[in-house]
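Counting starts at 1 for both ligands and their atoms, following the listed order.
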Amino acid sequence: MQELHGYYIEDLEPGMSAIYAKTVTEADIVMFAGLSGDTNPVHLNQTFAEGTMFKERIAHGMLSASFISTVLGTRLPGPGCIYLSQTLNFKAPVRIGDTVVARVTVREVNREKKRLVVDTVCTVGDTQVLDGEAKLMVASRAKLAPGNETAAVVAAE
Ligand SMILES: C/C=C/C(=O)SCCNC(=O)CCNC(=O)[C@H](O)C(C)(C)COP(=O)(O)OP(=O)(O)OC[C@H]1O[C@@H](n2cnc3c(N)ncnc32)[C@H](O)[C@@H]1OP(=O)(O)O
């Protein structure tokens, strides 16, 4: 891995894995509501939330999903990768104070097409709260001009 660049497609193998862990605070939920505009009362209104099946406020599903993007964009494959698609199943709620562990595991590497398929899972303790699959475009070292390794994002297709 280069200092400013994530893994190149040639460096990736099935089974490689990376995580990001974050304890979700009330402030995170309020800030996410503000930046996304999603003010659903299941996230923000305690009285409303007490009347739901969850009995308390829960985090936005997309907040947990954003931790997957964190792993992808900063760790595996890392800086410079391009998100192509993501499936998401929200399987259990994330509550204020829960520590979400987002894990990305490489499933398929297509070096010719510079495509990567990864399994994406978020857990709280032993409970899977989210799972899915992501596809990414990852730069090839072979396509880089000499001396341009750190600046290149993904060589033109
Ligand atoms: C607009 C944005 C709003 C938000 O962001 S809200 C926050 C994000 N969402 C959540 O936090 C919801 C988390 N999910 C859950 O808590 C659970 O999910 C539910 C309580 C909603 C349902 O769970 P269960 O009681 O197991 O569901 P069942 O009705 O008994 O299951 C019926 C079938 O549906 C499958 N299933 C349930 N949830 C999901 C899912 N999220 N994705 C895919 N499949 C699901 C099960 O497995 C089962 O299937 P089979 O009958 O074949 O066994």
Out of all atoms in ligand 1, which are within 4.0 Å of some heavy atom of [X]? Include the element for each.
| X | value |
| --- | --- |
| M53 | 20 (C) |
| H60 | 5 (O) |
| I58 | 7 (C), 11 (O) |

Please find the pair of heavy atoms, one from [X] and one from [Y], that lie closest to each other, and give the distance.
| X | Y | value |
| --- | --- | --- |
| L72 | A134 | CD1-CB, 4.4 Å |
| I96 | T25 | CG2-C, 4.3 Å |
| M16 | L76 | O-CD2, 3.6 Å |
| V129 | V124 | CG1-CG2, 3.8 Å |

If we count only non-hydrogen protein atoms and require a distance under 4.0 Å, does [atom] qualify as touching the protein?
| atom | value |
| --- | --- |
| atom 37 (C) of ligand 1 | no |
| atom 51 (O) of ligand 1 | no |
| atom 18 (O) of ligand 1 | yes |
| atom 29 (O) of ligand 1 | no |
| atom 48 (C) of ligand 1 | no |
| atom 9 (N) of ligand 1 | yes |
| atom 32 (C) of ligand 1 | no |
| atom 21 (C) of ligand 1 | no |

task: For R103 and S17, run side chain to side chain donor-acceptor pair (under 3.5 Å): C-alpha distance rounded to whole Å, both residues' side-chain angles, the deciding distance at 0.1 Å, then the answer.
output: CA-CA 7 Å; R103 179 177 291 277; S17 180; 2.7 Å; yes
If you measure from [atom] to every heavy atom of [options], which option wins on shortest distance?
| atom | options | result |
| --- | --- | --- |
| atom 41 (N) of ligand 1 | F90, F54, F32 | F90 |
| atom 16 (O) of ligand 1 | S64, P93, G61, A59 | P93 |
| atom 42 (N) of ligand 1 | T52, V129, N89, D38 | N89 |

- prompt: Any donor-acceptor pair under 3.5 Å linking the side chain of D98 with the backbone of V100?
  reply: no
message: Below 4.0 Å from ligand 1: does a non-hydrogen atom of V42 turn up there or not?
response: no
- prompt: Taking heavy atoms and a distance under 4.0 Å, where does M62 meet ligand 1: side chain, backbone, both or neither?
  reply: neither
message: Would you say that more than 12 heavy atoms from the other residues, nucleotides or ligands in this model lie under 6.0 Å from the NZ of K135, or not?
response: no
- prompt: Are the side chains of I29 and H60 in touch, meaning some heavy atoms are under 4.5 Å apart?
  reply: yes
Residues T120 and Q86: side-chain donor-acceptor under 3.5 angstrom: yes
Salt-bridge criterion met for E26 and R57 (N-O under 4.0 Å): yes
query: Going by an N to O cut-off under 4.0 Å, is there a salt bridge joining E108 and K113?
result: no
- line: Of all protein heavy atoms, the one nearest atom 15 (C) of ligand 1 is K91 O, 3.3 Å
Protein heavy atom at shortest distance from atom 6 (S) of ligand 1: H43 CE1, 3.9 Å
